Amino acid sequence: MKLDKRLIVCAEMTEGSFVCDIGTDHGYLPAYLLRSGKCTKAIAADIGEKPLAAAKATFENEGIEGGQLILSDGLKNIPLDGVTDIVIAGMGGELISKIIDADERSRTCGANFILQPMTRASVLRRYLADNGFEVTEERAVWDGEFAYSVMKCRYTGVTYEISDVREQTGLTDASYGDGRKYIEKQLERMKKAADGMRNSRPAEAEKIDMTMEKIRKEKGI
């Protein structure tokens, strides 16, 4: 099976033998993990029946065993006993935050979380910091014309402050190609936002400019 680059990074960040993929769509990630032997059990979960039917077809076509299909709104219907890794990928940062926040078990299950926001990654980083989820690794992925971030984190209960630089670019390292491209993409987005408010909200535009300068200095861009 072939995965796109962002899902490959998600797969690489899993640590244990029982993976739950929230918003699985076609079930490619759990199928890949089971096929490769990196995990022995996997849950493919989605809020929609059509994606689950597609995931079922993927499992059947690939001869995958050990996969369980669950219709669920986020973590709501997921039995988390024994789950080692929870992947939430391909959604906005705000939605990922809401999914985690909606289920108290996200704080007690002890699972490793692998999160891949498509948008609003800064919102997700802020949520994790404010709610005691320690980000231990973050990798950038450049796929086609789009830049993504994949975060690995675990609940510790210890909240912490994050700087404006970390909120916007996370732990991304600019010393490798995809990392540098990701940071440059964030700078491009921030500049566009600042330019759009220079006349109506000059103070906010100036604040963004200052954060951009800090990013360039700290990340070596």
Side-chain angles (χ1 to χ4, degrees), residues 4-14 20-25 29 45-48 51 72-76 78 85-107 111-156 158-174 178-179 181-194 196 204 207-208 211-212 214-215 219:
D4 61 31
K5 290 176 66 177
R6 65 186 180 86
L7 289 183
I8 287 175
V9 174
C10 289
E12 291 173 348
M13 283 190 177
T14 60
C20 175
D21 183 27
I22 301 296
T24 196
D25 197 18
L29 179 63
D46 207 286
I47 195 172
S72 179
D73 181 359
L75 296 167
K76 184 177 180 180
I78 308 298
D85 300 86
I86 297 172
V87 181
I88 310 178
M91 308 175 197
E94 289 176 318
L95 179 55
I96 293 175
S97 301
K98 289 177 181 178
I99 288 173
I100 296 172
D101 199 58
D103 197 317
E104 184 62 30
R105 295 176 303 158
S106 64
R107 293 157 173 76
N112 175 50
F113 282 81
I114 298 98
L115 311 174
Q116 186 272 301
M118 300 295 279
T119 59
R120 307 299 296 276
S122 60
V123 172
L124 178 57
R125 293 188 189 103
R126 177 63 64 182
Y127 170 82
L128 296 173
D130 290 345
N131 290 274
F133 287 85
E134 179 187 6
V135 180
T136 57
E137 182 181 359
E138 185 167 354
R139 289 169 57 186
V141 181
W142 182 264
D143 200 354
E145 298 180 359
F146 301 97
Y148 306 105
S149 174
V150 185
M151 310 171 197
K152 179 193 291 189
C153 64
R154 189 181 296 272
Y155 181 73
T156 65
V158 180
T159 60
Y160 52 94
E161 292 293 328
I162 59 172
S163 66
D164 291 343
V165 172
R166 182 166 174 181
E167 184 175 358
Q168 296 299 326
T169 61
L171 301 178
T172 305
D173 187 349
D178 283 4
K181 287 180 179 178
Y182 178 82
I183 295 169
E184 289 175 342
K185 199 70 174 179
Q186 302 317 302
L187 288 170
E188 179 183 313
R189 176 187 58 79
M190 293 172 70
K191 183 179 185 304
K192 185 176 181 180
E204 292 182 40
K207 184 178 179 180
I208 294 174
T211 300
M212 291 171 61
K214 290 178 185 176
I215 290 171
K219 301 291 185 176

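In this text, all values refer to a predicted model and were calculated from it rather than measured experimentally.
- The distance from atom CZ of Arg139 to atom CE of Met13, rounded to the nearest 0.5 Å, is 5.5 Å.
- Atom CD of residue Glu137 and atom CD1 of residue Ile114 lie 9.5 Å apart, to the nearest 0.5 angstrom.
- Residues Asp103 and Ile78 are not in side-chain contact: their nearest non-hydrogen atoms beyond the backbone lie 4.5 Å or more apart.
- Atoms CG and OG, on Leu124 and Ser149 in that order, are 8.5 Å from each other to the nearest 0.5 Å.
- Here the shortest heavy-atom pairing between Ile208 and Ala194 reads CG2-CB, 3.9 Å.
- Val9 has its side chain out of reach of Gln116: every pair of non-hydrogen atoms, C-beta onward, lies at least 4.5 Å apart.
- Annotation for Asp143 and Arg6: closest pair OD2-N, 4.1 Å, computed over non-hydrogen atoms.
- Ala121 pairs by the side-chain contact (heavy atoms from CB on, under 4.5 Å) definition with Pro117, Arg125, Met151, Tyr182, not counting sequence neighbours.
- Rounding to the nearest 0.5 angstrom, the gap separating the OH atom in Tyr148 from the CG atom in Leu7 is 10.0 Å.
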Report task. Could you walk me through whether Met190 and Thr211 pass side chain to side chain contact (heavy atoms under 4.5 Å, CB included), step by step? Result -> CA-CA 9 Å; Met190 293 172 70; Thr211 300; 3.7 Å; yes
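- Listed by first and then second residue, the salt bridge (charged side-chain N to carboxylate O under 4.0 Å, His left out) pairs involving residues 164-173 are Arg126-Glu167 (not counting sequence neighbours).
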Under the criterion side chain to side chain contact (heavy atoms under 4.5 Å, CB included), I'd like the reasoning laid out for Tyr160 against Val135: C-alpha separation, chi angles, the key distance, then a yes or no. CA-CA 11 Å; Tyr160 52 94; Val135 180; 4.0 Å; yes
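- Listed by chain and number, the residues in a side chain to side chain donor-acceptor pair (under 3.5 Å) with Asp101 are Arg107, Tyr127 (sequence neighbours excluded).
- Across all non-hydrogen atoms, the minimal contact from Cys153 to Leu115 is SG-CD1, 3.8 Å.
- With rounding to the nearest 0.5 Å, the separation of CG in Asn131 from OG in Ser97 is 8.5 Å.
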**Q.** Trace of the side chain to side chain contact (heavy atoms under 4.5 Å, CB included) decision for Glu12 with Val150
**A.** CA-CA 10 Å; Glu12 291 173 348; Val150 185; over 6 Å; no
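- Looking only at side-chain heavy atoms (C-beta outward), Ile96 and Arg120 stay at 4.5 Å or farther from each other.
- For the residue pair Asp85 and Thr14, the shortest heavy atom distance occurs at OD2-CA, 3.4 Å.
- Atom-to-atom distance recorded for Leu187:CG and Gln168:CD is 9.5 Å, nearest 0.5 angstrom.
- For the residue pair Gln186/Thr169, the side-chain donor-acceptor check at 3.5 Å is not satisfied.
- Scanning both residues, Lys185 and Glu145, for their nearest heavy atoms gives NZ-O, 4.0 Å.
- Counting all heavy atoms, side chain and backbone alike, Thr24 lies closest to Asp46 at N-OD2, 3.3 Å.
- For the pair Ile100/Phe133, a side-chain contact is recorded, criterion being any heavy-atom separation below 4.5 Å from C-beta on.
- A donor-acceptor pair is defined here as one N or O able to donate and one able to accept, closer than 3.5 Å; such a pair exists between the side chain of Lys219 and the backbone of Thr172.
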